[in-house]
Amino acid sequence: MYSENNLLQGLNDKQLQAVTLPHVSALILAGAGSGKTRVLTTRIAWLIQTGQTSPMGLMAVTFTNKAAKEMLTRLTSMLPINTRGMWAGTFHGLCNRMLRAHYREAGLPNTFQILDTADQLSAIKRVMKVMNVDDEKYPPKQVMGYINSCKEEGLRAHTVDAYDGHSQKLREIYDAYDQQCNREGVADFAELLLRCYELLEREPHIRAHYQQRFQYILVDEFQDTNRLQYLWLKLLGGAHNSIFAVGDDDQSIYAFRGARVGNMSDFQRDFQVQNIVKLEENYRSHSNILDAANAIISNNQNRLGKNLWTSAGKGEPIRIYDAYNDTDEAQFIVDEVNMLQNEGVALGDIALLYRSNAQSRILEHTLFSSNIPYRVYGGLRFFERAEVKHALAYMRLIGNANDDTALLRIINFPPRGIGARSLEQLQEAARQNECSLWQAATNKVGEGKLGSKGLDGFVALIRHMVDQAYGIALGEVAEMVTTVSGLMAHYQNDKEGEDRIENLKELVTAAVAFSKQDLGNHHNMEEDADLMTQFLNHASLEAGDHQADVGHEALQLMTVHAAKGLEFHTVFISGVEEGLFPHEQAAYENGGLEEERRLMYVAVTRARQRLYLSYAQSRMLHGQVRYGIASRFLDEIPAELTKRLNSKPVAKSYAAGGQYTAKPGVPPVAHSSYPFKIGQSVRHGKFGEGVVVSYEGNASDLAVKINFGSAGLKTLMLEYAKLEKI
DNA sequence: GCGCTTTCACTTTTT
DNA sequence: GTGAAAGCGC
């Protein structure tokens, strides 16, 4: 049997203090590798085991499904209890659950569908077309960003400020978009949160119900919450409940998508937080790595303040490699990986991190030619694949034919002769009758006015599917849809359709598995939706894994963002260059440089034993050669913690960006008549140190362009400029 | 209406 | 270098 002692055994003083806090709100500042998840799950287990609450009284909120799952898995290994009564999940998942339970009060149809980002964008494009908005002046992606950030601030079209013609137009589009979503009975991701927030705010009895129920609310990754998520928590927390917020301001790397680190200090103020527990003992890395991370992050001004320490030894020095170019960098990494493997380090315990996805190509290429198995995280996930989304769109139409987004996706796929022309007529008819596209289509067919033969066939097809779907199991619906729609046949005729057919089959398997899993669960009385709606929601809210072939030993490739929360024996951070890391487009933004620095902090703290940092003097990016200098973050690491593998450190100053793209046409290689190679570091009496970027003019009158970092980009006449190689 | 060719832009990302 | 979107010819 489990005893309380057993549960709390092995916790350090701070962890123990956090786990056993009384029923008050608390902020746990959990540094990287300080046992954050353990504290969170042990707290839950302890609350239940000591009888302070039952699973029913608990709500645990995370950002990703993965984090939610991990928490539940760990919890069940700690306590032999059923966690079913506990609400654990993502903000979106929990809001969805509440909206389903109170769909009438929330003003939604009981089968409302969730738009993912791609669906939302196409819905916005549609609204803009109807409104005749110039998409050059208002790029749909920007409009989407505007709408989502309004929603994440808790603002509706009628509450948001507009100062000029431009913002008034945006507000108008926002309003029309929301109306369209209501008409079609769909909700985007941000809408789930905002709608739920408004529901709780508007309906005192619903709010009271959840406030009474969830006496204990636990929030993971609190530094990543946005304004609306914070307001939602505040509403649920009410006046008496305890919110146990766990986070790390130094690992806040999602400001670009609305995360507000300021929520941490607001929380302290709004909830009169007396208990701030700092978890600073790190159980992951050796001290050289932690000292480097501490040194880097200490350059940030806006911090709550925290210093990681470990009782492990200094460990290995941080290895720094100065590569000639990106190929050289990749080859260096390959050589080191081979060496590590010979030393017995498992390939899966080695990570290769980069700032932006574009960097992975050259790395993959080099790994491939060296026969090193690797796995790239990122890219399309299962439920985001085109063929899968097509099949899901047919299923959505079966459930709700008024879902215009779904209809537009497949009205002519596979191709059935409904082109832009007939579509426009259909949309015009729908506009005039203020009805859905489906209703407009059935009207046309009913009147015998065949806009096109294809339309007739389409209406018949969907009706046939609705008939077929009646009374059969979810898996059978999926199977029927993939064949009757003609998707299977279409991809069978396609030379490259093999993978797509596999994915469609996989979708059927997933649907079958989903029904079984659902039968196993007690049906939740609060959830009214039918199984297919639930399955479609599952597909939207949990887009599936990032194609990871588990089991195969492979080197792990991912962006630094994707690496957050993970740890590895060895970590390579590549492209540690000005302009790339910190990224030039981030460095200019307000607070952008500090976020880049936190990103570097996250990257460094992923390593347990060994850390490599590498940069390249030149690299191919966006089809052009770029010349860079080493990142300022490298200089922020005390030299005694590092080991330069091939060159000496050079003191320099930095410009924002610090990189320059050579003009096309300028030879990227050294010319015999040029005294300096492109990429050569030089010293100038007035401007200091810089990098040769390009040559201009003819041989008799040659000018050289040099990037002097903080002194800027200068074009100097070679004849007069006194330049010294360094 | 469909498919091929050209053009353009391009950090980070979960739900 | 690459993928998506727009433009053009059949």
Side-chain angles (χ1 to χ4, degrees), chain A residues 61-68 89-96 114-122 125 135-136 139-141 145 148 151-152 187-193 196 221 224-226 228-229 252-259 326 353-362 364-365 377-381 383-384 386 412-424 452-454 537-544 546 558-565 575 579-589 592 595-596 598-600 602-603 619-626 661:
Chain A
V61 198
T62 62
F63 274 85
T64 64
N65 293 298
K66 199 176 144 197
T90 63
F91 279 99
H92 294 85
L94 297 172
C95 286
N96 178 50
I114 299 164
L115 300 184
D116 69 13
T117 311
D119 294 334
Q120 189 188 13
L121 187 63
S122 78
K125 284 182 181 164
D135 58 4
E136 299 255 297
K141 279 199 179 128
N148 287 339
K151 290 190 180 185
E152 282 161 10
D188 59 54
F189 287 131
E191 183 68 25
L192 293 176
L193 290 165
C196 185
E221 305 278 17
D224 288 338
T225 50
N226 63 34
L228 180 57
Q229 285 159 342
S252 159
I253 55 173
Y254 287 111
F256 72 90
R257 65 172 199 216
D326 45 0
L353 310 183
Y354 35 81
R355 174 65 180 82
S356 67
N357 286 307
Q359 287 165 254
S360 80
R361 224 199 65 254
I362 179 95
E364 286 186 62
H365 179 82
Y377 286 80
L380 276 192
R381 295 174 317 166
F383 286 112
E384 291 167 350
N412 199 34
F413 196 90
R416 50 177 72 88
I418 303 174
R421 191 65 197 276
S422 350
L423 246 183
E424 223 153 85
S452 77
K453 247 193 337 214
N537 284 323
H538 163 81
S540 305
L541 286 173
E542 209 171 322
H546 271 301
M558 65 193 88
T559 63
V560 179
H561 282 93
K564 191 175 159 207
L580 204 58
F581 202 171
H583 199 280
E584 56 194 341
Q585 290 192 55
Y588 294 113
E589 282 164 25
E595 178 145 324
E596 292 291 303
R598 291 193 291 269
L599 201 49
M600 181 56 83
V602 168
R619 81 169 55 240
M620 193 73 158
L621 210 61
H622 306 318
Q624 286 182 318
V625 182
R626 292 166 57 116
T661 305

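Each chain gets a letter, A, B and so on, in the order its sequence line appears, and its residues count up from 1.
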- Message: Side-chain N or O of A:Asn357 versus OP1/OP2 of B:dC10: is the shortest distance under 4.0 Å?
- Response: no
- Among B:dT15, B:dT11, B:dG1, the one nearest A:Ser422 by side-chain distance: B:dG1
- Task: Could you please name the option among B:dT11, B:dT12, B:dT15 that lies closest to any side-chain atom of A:His92?
- Result: B:dT15
- Counting heavy atoms from C-beta on, name the nucleotide in B:dT15, B:dT13, B:dT12 closest to the side chain of A:Arg257. B:dT13
- Task: Tell which nucleotide pairs with B:dT13, taking only Watson-Crick or G-U wobble pairs whose two distances are both under 3.5 angstrom.
- Result: none
Each nucleotide N or O in nucleotides 3-9 of chain C that has a protein N or O under 3.5 Å away: list the pair and distance.
none

Review item, nucleotides 2-6 of chain B N/O atoms under 3.5 Å of protein N/O:
unit_1: B:dC2; atom_1: OP2; unit_2: A:Asn412; atom_2: ND2; d: 3.1

- Item | Side chain of A:Thr64 (C-beta onward), nearest among B:dT15, B:dT11, B:dT13 | B:dT15
- When A:Leu541 and A:Ile253 are each assigned the nearest nucleotide of DNA chain B, the 5'-most assignment goes to A:Ile253
- Spell out yes or no: do the side chain of A:Thr117 and the base of B:dT15 have one donor N/O and one acceptor N/O closer than 3.5 Å? yes
- Note on the structure: Ranking B:dT13, B:dT15, C:dG1 by distance to the side chain of A:Arg361, first place goes to C:dG1
- Item | Structure string for DNA chain C in dot-bracket form, Watson-Crick and G-U at under 3.5 Å, | interchain | ||||||||||
